[in-house]
Protein chains: 2
Amino acid sequence: MAYRETPMVTQRKLAQKSGLLHAAESLVREGGFAALTIQAVASAAGVGVGTVYRYFSNKDELSTEVFRRATIREVEAVKAALSLDDSVAARLAAAAETFAQRAFAAPKLAWALIAEPVDPAVDVARLQYRRTYSALFEALIVEGVESGVLQEQIPSLSAAALVGAMAESLLGPLDHLGCNEITTAALRDFCLRAIGVTVKP
Amino acid sequence: MAYRETPMVTQRKLAQKSGLLHAAESLVREGGFAALTIQAVASAAGVGVGTVYRYFSNKDELSTEVFRRATIREVEAVKAALSLDDSVAARLAAAAETFAQRAFAAPKLAWALIAEPVDPAVDVARLQYRRTYSALFEALIVEGVESGVLQEQIPSLSAAALVGAMAESLLGPLDHLGCNEITTAALRDFCLRAIGVTVKP
DNA sequence: CAAACAAGTGAATCATGATTCACTTGTTTG
DNA sequence: CAAACAAGTGAATCATGATTCACTTGTTTG
């Protein structure tokens, strides 16, 4: 009679995989992706290195999974801000503030997701998610230009520029850690000016 | 009697080092920093790998030297645009156009300097030069805010945001390679709006 | 319980380039 | 020319983690 995985085993495996991902993210939170080694994940999760390979076929798969999970949370938060029932300007303002505030809440993680030198595989994922952010902003800009509350512009270019501006401008503040509220407000205002808000809300 | 390096030997050594740097930059122009291996540099320059180590104490030194030389040319071009005898807005416009045009003239190199995943040592240099760019823009913004032609803002944050916007917005166009003039103009306008030009030139 | 199977293990191995070093070749000086 | 020295060489070695695999431990089924 064939061996058949019982619900208990299935659940244990799910818990194991989730435990490995949590251990991995903790390492990234503390020391960036540089701290993410299979050895470190295994010992943080209390298993042998071979076990890690039962759940992830190689390191790139683990790294990108950690990157994706963390980044999706950020994207969703920004998306929620952009989905508010409010003016184009107010939604962009909320998105910029959300992005900055969340970055200040977990500076090392933010740095790892935004700018840390990483494996090419993770960098591919990073570029993908930059396009994801960009697409969100692009839709907003298209809406604004069509309804006349924003100046004429190339939405795809402006959107990418916003993503770059938001990421790069936080790099300094993220490790000096000055007054976050003032930085957040300044970034928000930069973004609003950049897309040419013609009507004040 | 002591051996003493003759002018001929000194010159040959300078030429050799310069030849190695040229070979190295060519490799980066063609395949980014990923293509920069000691083996490749040695064979492109027609010497043995050991010879490379007579001129550079290790790979990081060679990589960062290549990065620095290429980046300094870009920084100087932007600096020249910012030093024009013209209004704050016109100088920023010239700087943004210069940056974009030069990037389109050597897309692979631009990508390698701006965004390619690289050795941490090169990334340290990259962050340094991002601050160099940022300082140039910051001085311009300070001047503009003080003279009242720009809106109130935090110059250091706006400057970093401009650097991020310029870099990120070109990433897409750099590999799709559409109409460069339109992209360049759109980036320029984005930058001008972003720093809040209050007086049209 | 025993057979059949899967999960867990970690020392040993592998992969990729950088780096070294014993040796060869070229240059300088008297 | 020969001694003294530096440049040039590339096969061999090293360094760093990822990856494997023969083996052990735990689970399922009849």
Check: Of the residues in residues 49-60 of chain A, which ones touch DNA chain C at a heavy-atom distance under 4.0 Å?
Finding: A:V49, A:G50, A:T51, A:R54, A:Y55
Item checked: Between C:dT27 (C1') and B:K13 (NZ): distance, integer Å -> 12 Å
Next item on the list: Measure from the side-chain N and O atoms of B:R130 to the backbone N and O of B:I114, and report whether any donor-acceptor pair falls under 3.5 Å.
Entry: yes
Next item on the list: Let me know the distance between CD1 of B:I38 and P of C:dT20, rounded to the nearest Å.
Entry: 11 Å
Note to self: Rounded to whole Å, please give me the gap between CD in A:E61 and C1' in D:dA18.
What the structure shows: 14 Å
Shorter than 3.5 Å, N or O on both sides, protein versus nucleotides 12-15 of chain C: list them out with atom names.
none

Check: Any chance CD1 of B:I182 has more than 12 other-residue heavy atoms, nucleotides or ligands included, within less than 6.0 Å?
Finding: no
Check: Any sub-3.5 Å donor-acceptor pair from B:E143's side-chain atoms to B:V88's backbone N or O?
Finding: no
Note to self: Would you say that more than 12 heavy atoms from the other residues, nucleotides or ligands in this model lie under 6.0 Å from the CZ of B:R73, or not?
What the structure shows: yes
Margin query: Is there a side-chain contact between B:R12 and the phosphate of C:dG26, meaning an N or O under 4.0 Å from OP1 or OP2?
Written below: no
Check: How many Å lie between NZ on A:K17 and P on C:dG8, as a whole number?
Finding: 13 Å
Notebook entry, point to check: Between A:E65 and A:R68, does a salt bridge (charged side-chain N to carboxylate O under 4.0 Å, His left out) hold up when you go through it step by step?
Noted result: CA-CA 5 Å; A:E65 182 92 18; A:R68 263 174 226 292; over 6 Å; no
Margin query: Stem finding on DNA chain D, please: runs of three or more consecutive Watson-Crick or G-U wobble pairs, both distances under 3.5 Å, sorted by first number.
Written below: C:1-30 with D:1-30
Margin query: Here's one to test your reading of the geometry: is the NZ or CZ of B:K17 within 45 degrees of the ring axis of B:F56 and under 6.0 Å from its centre?
Written below: yes
Checklist line | B:Q11, CD atom: more than 12 neighbouring heavy atoms under 6.0 Å | finding: no
Note to self: Please identify which of these residues, B:E61, B:K59, B:R54, meets the side chain to side chain donor-acceptor pair (under 3.5 Å) condition with B:S57.
What the structure shows: B:E61
Checklist line | Side-chain (B:Q153) to main-chain (B:S158) donor-acceptor, under 3.5 angstrom | finding: no
Check: Any side-chain heavy-atom pair from A:R131 and A:Q128 closer than 4.5 angstrom?
Finding: yes
Item checked: Spacing between A:L20 atom CG and C:dA7 atom P, to the nearest angstrom -> 13 Å
Next item on the list: Indicate the ring-plane relationship of A:F99 and A:Y133, choosing parallel, tilted or perpendicular according to the 30° and 60° boundaries.
Entry: perpendicular
Notebook entry, point to check: To the nearest Å, how far apart are B:L36 CG and C:dG17 C1'?
Noted result: 12 Å
Item checked: Interatomic distance where CZ belongs to B:F33 and P belongs to C:dT16 [whole Å] -> 23 Å
